[in-house]
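One structure is given here, and the rest of the page talks about it.
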Amino acid sequence: MSTDRRDFLGTLMAAGLAGRTFGLPGSPPAATAPAAGTAGHPADSSWDVSWTERVNGAHRALFDSPEVSEGLAFLRALVWIKDYGEVYGAKPAEMSAVVVVRHNGIWMAMNDEFWNHHHIGALLKITDPKTKLPIRRNPFLGPTPFPDLPPQVADNVLTTVLGTATVLACNLAFQEVVEKIKTDEKVAEPKAREMGLGHLVPGIILQPSGVFAVMRAQEAGCQYMLAS
C-alpha cells in the first residue's frame, strides 16, 4: 500500500468514523426466502442463529474472510459503513454488516492469552514492530503491527467491528484451534475444545461452518464481498 493511499485512508477513517451518521432512504432489499428449517426455530438449537434477527437494516453487507490478510475484512466493513454514512447520511440502524472468519482466518477469533500461549504470531509470521519478534497477542485487539495500515484505521479494529457488526466464526476451521491445543497441551479433544471455546473473543459467534454462515447471511439479504 503506497504512503499516499495509507495517509488518505487514515484521514478518511479518522474523520468518518468519529462522527458518522448513516442512512439511505428506501426499503430493505428483498431477502431470499430461507430454506425450511433455517428461519424461526432451528431444528438444532445448539447453534446460536439469533444474529439473523439483527440483520434488518436497509443496507446489508457480508465480508467473507478466509484468510488473515492483515484484518482487511474488518477494515472493509468499517469503510463500507463510513462511506454509506458520508454519501447517503445513513443511520446506524439502517446498516447491517456481517463478517465471517473462516479457513485460515480463524486465528483472528482467538484472544490475546491464546495467541501468547500458543505462539500464533510465530505460526502466522506476524512481527511485533516494537520487539521485532513474533507478536504475542491478537494483533486485531490492540495497536496494529502492520506498517501499511494507518493506526486510525487498524488499531483495535476487531473490538471496533464487534461494536458495529456481527462477527461469525467457522466451527470447521475452529477444529484447527482444537488440534493446536491438543498438541500443545497433551489433552483429549473434549477438553481441548472446552479450552478453545474459553479463548474465543467475546462477541464472536461460532457457526456450524463458514459455508453455513456465508449462505445464511446472504439469505438474510446481505450483499457478498470476498474481503481477504
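Numbering of residues begins at 1 and proceeds along the displayed sequence.
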Decide side-chain contact (heavy atoms from CB on, under 4.5 Å) for Arg216 and Thr52; before the verdict, give the C-alpha distance in whole Å, the side-chain angles of both, and the deciding distance to 0.1 Å. CA-CA 8 Å; Arg216 190 64 188 89; Thr52 59; 3.8 Å; yes
Point-to-point distance, once rounded to the nearest 0.5 Å, from [atom1] of [X] to [atom2] of [Y]:
{"X": "Leu226", "Y": "Glu67", "atom1": "CG", "atom2": "CD", "answer": "9.5 Å"}
{"X": "Leu75", "Y": "Ser228", "atom1": "CG", "atom2": "OG", "answer": "12.0 Å"}
{"X": "Lys132", "Y": "Thr127", "atom1": "NZ", "atom2": "OG1", "answer": "8.5 Å"}
{"X": "Thr160", "Y": "Phe74", "atom1": "OG1", "atom2": "CZ", "answer": "11.0 Å"}
{"X": "Ser65", "Y": "Met225", "atom1": "OG", "atom2": "CE", "answer": "11.0 Å"}
{"X": "Ile120", "Y": "Asp112", "atom1": "CD1", "atom2": "CG", "answer": "12.0 Å"}

For [X] versus [Y], what's the shortest heavy-atom pair and its separation?
{"X": "Trp107", "Y": "Trp115", "answer": "O-NE1, 2.9 Å"}
{"X": "Gln218", "Y": "Tyr224", "answer": "OE1-CB, 3.6 Å"}
{"X": "Val201", "Y": "Asn138", "answer": "CG2-ND2, 4.3 Å"}
{"X": "Val98", "Y": "Cys222", "answer": "CG2-SG, 4.0 Å"}
{"X": "Ile204", "Y": "Ala169", "answer": "CG2-CB, 3.7 Å"}
{"X": "Ala122", "Y": "Pro134", "answer": "N-CB, 3.5 Å"}

Check: [Y] and [X] side chains under 4.5 Å, non-hydrogen atoms:
{"X": "Asp64", "Y": "Arg102", "value": "yes"}
{"X": "Thr159", "Y": "Leu141", "value": "yes"}
{"X": "Leu72", "Y": "Phe63", "value": "no"}
{"X": "Leu158", "Y": "Met108", "value": "no"}
{"X": "Trp51", "Y": "Gln207", "value": "yes"}
{"X": "Phe114", "Y": "Val177", "value": "yes"}
{"X": "Phe146", "Y": "Ile126", "value": "yes"}
{"X": "Lys182", "Y": "Met195", "value": "no"}

Do [X] and [Y] sit in one hydrophobic cluster, given that two such residues count as connected whenever their side-chain heavy atoms are within less than 4.5 Å of each other, even indirectly?
{"X": "Val101", "Y": "Met215", "result": "no"}
{"X": "Leu172", "Y": "Ile106", "result": "no"}
{"X": "Leu78", "Y": "Val87", "result": "yes"}
{"X": "Leu206", "Y": "Phe140", "result": "yes"}
{"X": "Leu200", "Y": "Val167", "result": "yes"}

Sort out for me which residue in Lys191, Lys180, His117 forms a side-chain hydrogen bond (donor to acceptor under 3.5 Å, both in side chains) with Glu185.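 The side-chain hydrogen bond (donor to acceptor under 3.5 Å, both in side chains) with Glu185 is passed solely by His117 among Lys191, Lys180, His117.
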Under the salt bridge (charged side-chain N to carboxylate O under 4.0 Å, His left out) test, which residues partner Glu113, sequence neighbours left out?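 Counting only residues at least two positions away or on another chain, Glu113 forms no salt bridge (charged side-chain N to carboxylate O under 4.0 Å, His left out).
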Counting only N and O atoms by type, is there a donor-acceptor contact under 3.5 Å from the side chain of Arg60 to the main-chain atoms of Gly57?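 Present.
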Which is it for Asn171 and Phe212 under the side-chain contact (heavy atoms from CB on, under 4.5 Å) test, yes or no, and what are the steps along the way? CA-CA 10 Å; Asn171 182 61; Phe212 175 92; over 6 Å; no
Applying side-chain contact (heavy atoms from CB on, under 4.5 Å) to Glu94 and Tyr84, what does each step give before you reach the verdict? CA-CA 10 Å; Glu94 296 172 318; Tyr84 268 59; over 6 Å; no
Between Glu189 and Gln175, does the side-chain contact (heavy atoms from CB on, under 4.5 Å) criterion hold? Intermediate values first, please. CA-CA 10 Å; Glu189 180 150 339; Gln175 188 60 32; 3.1 Å; yes
